[in-house]
Amino acid sequence: MVSGYRVRNGTWTEIGRRSPQLPQNYIPTDIVISSDDYVATRCTMFNSKSTVVSTGERHEDEMCVLYAYYYTENGSFLPELLCSGSGPPKYYWKLDKRINFSEDGPDAQPRPK
């Protein structure tokens, strides 16, 4: 499952969620993303194989991508045309105090269904 979130002042709002095994399409949303917001993507999967499944571009790899279109109020492009970041082991949401991520407790942040 691929899920996208806007993180604003530590509050997570789901932008969208879809199985990567379904045909790719774009789902409209009315969520506004401001310059101080973060956009987070989470990919979760269940591995039923007896071997390790790695992230990558090969047929046997897990491919997890969130595509998004955007527009700006003044019609200008954002300075970065590609939005990406490191994941584990270089970066963990739970260590980033700016986004208020918690994996357990009554105020748990996004979890896959």
Side-chain angles (χ1 to χ4, degrees):
M1 185 66 62
V2 181
S3 305
Y5 303 91
R6 177 192 66 194
V7 184
R8 177 178 285 168
N9 299 321
T11 300
W12 290 62
T13 303
E14 185 176 285
I15 298 170
R17 166 188 310 240
R18 188 165 176 89
S19 169
Q21 295 177 335
L22 295 174
Q24 295 180 13
N25 66 356
Y26 294 94
I27 301 168
T29 181
D30 59 356
I31 297 201
V32 175
I33 298 173
S34 299
S35 61
D36 292 334
D37 293 341
Y38 292 86
V39 176
T41 302
R42 184 174 195 167
C43 182
T44 56
M45 66 167 277
F46 175 76
N47 181 7
S48 60
K49 297 181 179 183
S50 60
T51 59
V52 172
V53 176
S54 299
T55 301
E57 298 175 356
R58 300 175 305 160
H59 176 72
E60 60 271 11
D61 294 336
E62 174 64 25
M63 293 177 256
C64 182
V65 180
L66 176 71
Y67 296 101
Y69 284 117
Y70 73 90
Y71 71 91
T72 59
E73 289 181 353
N74 63 7
S76 64
F77 290 105
L78 297 176
E80 298 293 328
L81 297 179
L82 177 65
C83 177
S84 64
S86 299
K90 294 182 179 182
Y91 175 84
Y92 292 90
W93 287 349
K94 64 184 175 185
L95 300 179
D96 191 334
K97 302 299 180 200
R98 300 169 295 181
I99 62 173
N100 190 33
F101 179 77
S102 172
E103 290 189 273
D104 43 45
D107 60 342
Q109 297 301 328
R111 290 178 178 266
K113 290 183 180 178

Between the side chain of Thr72 and the main-chain N/O of Gly75, is any donor-acceptor distance below 3.5 Å? yes

Roughly how far, to the nearest 0.5 Å, is CD1 of Ile15 from CG of Asp30? 11.0 Å

For Asn74 and Ser76, does a side-chain donor sit closer than 3.5 Å to a side-chain acceptor? yes

Hey, does the side chain of Arg17 reach the backbone of Gly4 with a donor-acceptor pair shorter than 3.5 angstrom? no

Got a sec, which residues hit salt bridge (Lys or Arg N to Asp or Glu O under 4.0 Å) with Arg18, two or more places apart in sequence or on another chain? none

Can a side-chain donor-acceptor contact be found between Arg8 and Thr13 if the only test is distance below 3.5 angstrom? no

Dump the intermediate steps for side chain to side chain contact (heavy atoms under 4.5 Å, CB included) on Tyr38 and Arg6, then the final yes or no. CA-CA 6 Å; Tyr38 292 86; Arg6 177 192 66 194; over 6 Å; no

Worked check of side chain to side chain contact (heavy atoms under 4.5 Å, CB included) between Asn100 and Thr11: CA-CA 7 Å; Asn100 190 33; Thr11 300; over 6 Å; no

Trp12 side chain to Ile99 main-chain N or O, any donor-acceptor pair under 3.5 Å? yes

Is it the case that more than 12 heavy atoms not belonging to Asn47 sit under 6.0 Å from its CG atom? yes

When you compare the side chain of Asp37 with that of Val7, does any pair of heavy atoms fall below 4.5 Å? no

